[in-house]
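Below, each value reflects all heavy atoms present in this structure, side chains not excepted, and no hydrogens, waters or symmetry copies.
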Amino acid sequence: MARILSIDYGKKRTGIAVTDPLQIIAGGLVTVSTSTLFDFLRDYIDKEQVERIIIGEPKQADGRPSENMARIVQFVNRWRKAFPSIPIEFYDERFTSVLAHRAMIDGGLHKKKRQDKALVDEVSATIILQSYLESARRKQ
């Protein structure tokens with residue numbers, strides 16, 4: 001089986017998580033500068049088999065798209081044109097940053113480490129991916 005990769009796309013930084021090859025568990029991979037995201041992903045899929053990409057769909061509490069959505073749509077369209085064989089799909093990411101902070105607190109990370117925005121982005125991508133996996137299992 002191939003991996004599933006998730007993206008917590010941000011204006012400056014993007015958190016990335018990936019499943020194991022059996023698609024059982026999600027784990028944080030890295031946080032990259034958003035300006036280098038496309039190249040990073042291209043290099044990653046040259047080395048690892050990736051079945052699909054899940055990208056966080058940022059919504060406001062009332063369900064309307066956030067201001068970052070326009071940038072995400074541009075990225076998704078570029079990806080689909082360059083790599084049509086690797087589907088990319090949206091997944092609701094509301095409250096993942098809050099959940100990431102909670103997970104970091106529950107995990108015993110010190111305040112200074114919890115303020116590391118790159119780590120928060122990576123944990124958020126992991127939460128998006130784990131939620132996607134659980135949702136897919138429930139549908140089966």
Side-chain angles (χ1 to χ4, degrees):
M1 282 179 95
R3 298 175 187 271
I4 299 174
L5 188 138
S6 73
I7 299 171
D8 181 32
Y9 191 99
K11 185 176 181 180
K12 295 179 183 178
R13 290 173 319 279
T14 296
I16 301 171
V18 68
T19 65
D20 60 291
L22 296 176
Q23 300 178 5
I24 296 171
I25 191 89
L29 181 63
V30 70
T31 298
V32 299
S33 169
T34 299
S35 64
T36 65
L37 175 62
F38 196 88
D39 293 334
F40 174 85
L41 292 176
R42 185 184 58 231
D43 292 344
Y44 186 82
I45 65 170
D46 280 345
K47 297 173 190 138
E48 296 285 343
Q49 286 187 325
V50 174
E51 176 181 304
R52 73 181 54 251
I53 295 175
I54 308 304
I55 191 164
E57 181 178 21
K59 295 180 181 180
Q60 297 177 15
D62 64 4
R64 290 182 298 137
S66 78
E67 66 178 64
N68 197 34
M69 191 61 187
R71 287 185 285 275
I72 293 171
V73 167
Q74 281 183 328
F75 174 82
V76 167
N77 290 339
R78 181 178 174 205
W79 181 265
R80 286 177 175 157
K81 185 180 278 188
F83 298 97
S85 65
I86 301 175
I88 187 168
E89 59 187 86
F90 292 103
Y91 191 81
D92 189 348
E93 72 166 28
R94 278 181 283 191
F95 310 114
T96 54
S97 292
V98 173
L99 292 171
H101 279 289
R102 173 56 46 204
M104 292 166 76
I105 290 169
D106 292 348
L109 290 180
H110 296 290
K111 185 176 182 179
K112 185 168 180 112
K113 194 70 173 165
R114 292 191 314 257
Q115 292 172 337
D116 179 352
K117 292 179 181 181
L119 181 58
V120 173
D121 293 338
E122 186 177 323
V123 172
S124 293
T126 306
I127 290 170
I128 291 167
L129 186 52
Q130 191 64 43
S131 296
Y132 171 83
L133 292 172
E134 291 168 6
S135 173
R137 285 183 194 119
R138 282 191 300 270
K139 290 177 183 176
Q140 289 180 346

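Ser135 places a side-chain heavy atom less than 4.5 Å from the side chain of Tyr91. Side-chain contact between Ile88 and Arg80 is present, with heavy atoms from C-beta onward closer than 4.5 Å. Side-chain atoms of Phe90 and Met69, non-hydrogen and from C-beta on, do get closer than 4.5 Å to each other. With contacts defined as side-chain heavy-atom distances shorter than 4.5 Å, the pair Ile7/Leu37 qualifies.
A donor-acceptor contact shorter than 3.5 Å links the side chain of Gln23 to the backbone of Ala2. For the pair Arg3 (side chain) and Val50 (backbone), a donor-acceptor distance under 3.5 Å is absent. Between the side chain of Thr126 and the backbone N or O of Ala17 there is no donor-acceptor pair closer than 3.5 Å.
Among all heavy-atom pairs drawn from Asp8 and Ser124, the shortest one is OD2-CB, 3.2 Å. Of all non-hydrogen atoms in Arg42 and Ile45, the two that sit nearest each other are O-CG1, 3.3 Å. Ile72 approaches Gly56 most closely through the heavy-atom pair CD1-O, 3.8 Å.
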Could you check Trp79 against Ile55 for side-chain contact (heavy atoms from CB on, under 4.5 Å), going step by step and ending with a plain yes or no?
-> CA-CA 11 Å; Trp79 181 265; Ile55 191 164; over 6 Å; no
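With values rounded to the nearest 0.5 angstrom, Ile16 atom CD1 is found 7.5 Å from Thr31 atom OG1. In this structure, CG on Leu41 lies 13.0 Å from CD on Glu48, to the nearest 0.5 angstrom. Rounding to the nearest 0.5 Å gives a distance of 10.0 Å between CD of Gln130 and OG1 of Thr19. A distance of 12.5 Å separates CZ of Arg13 from OG1 of Thr36, quoted to the nearest 0.5 Å. Taken to the nearest 0.5 Å, the CE atom of Met1 stands 9.0 Å off from the CG atom of Asp20. Taking CD from Glu134 and CZ from Arg137, the interatomic distance works out to 7.0 Å, rounded to the nearest 0.5 Å.
Hydrophobic clustering of Ile, Leu, Val, Met, Phe, Trp and Tyr side chains at less than 4.5 Å, counting indirect connections, keeps Ile128 apart from Ile53. Residues Val32 and Val18 are members of one and the same hydrophobic cluster, defined by side-chain heavy-atom contacts under 4.5 angstrom among Ile, Leu, Val, Met, Phe, Trp and Tyr. Grouping the Ile, Leu, Val, Met, Phe, Trp and Tyr side chains by contacts below 4.5 angstrom, directly or via other members, places Val30 apart from Leu129. Grouping the Ile, Leu, Val, Met, Phe, Trp and Tyr side chains by contacts below 4.5 angstrom, directly or via other members, places Val76 with Phe40. Under a hydrophobic-cluster definition in which Ile, Leu, Val, Met, Phe, Trp and Tyr are linked whenever side-chain heavy atoms come within less than 4.5 Å, directly or via other members, Ile4 and Ile86 are assigned to different clusters.
Using the six-membered ring where Trp is involved, Phe38 and Phe83 have ring planes that are tilted, between 30° and 60° apart.
Every residue meeting the side chain to side chain donor-acceptor pair (under 3.5 Å) condition with Thr34, not counting sequence neighbours, appears here in chain and number order: Thr14.
For the residue pair Arg71 and Asn68, a side-chain donor N or O sits within less than 3.5 Å of a side-chain acceptor on the partner.
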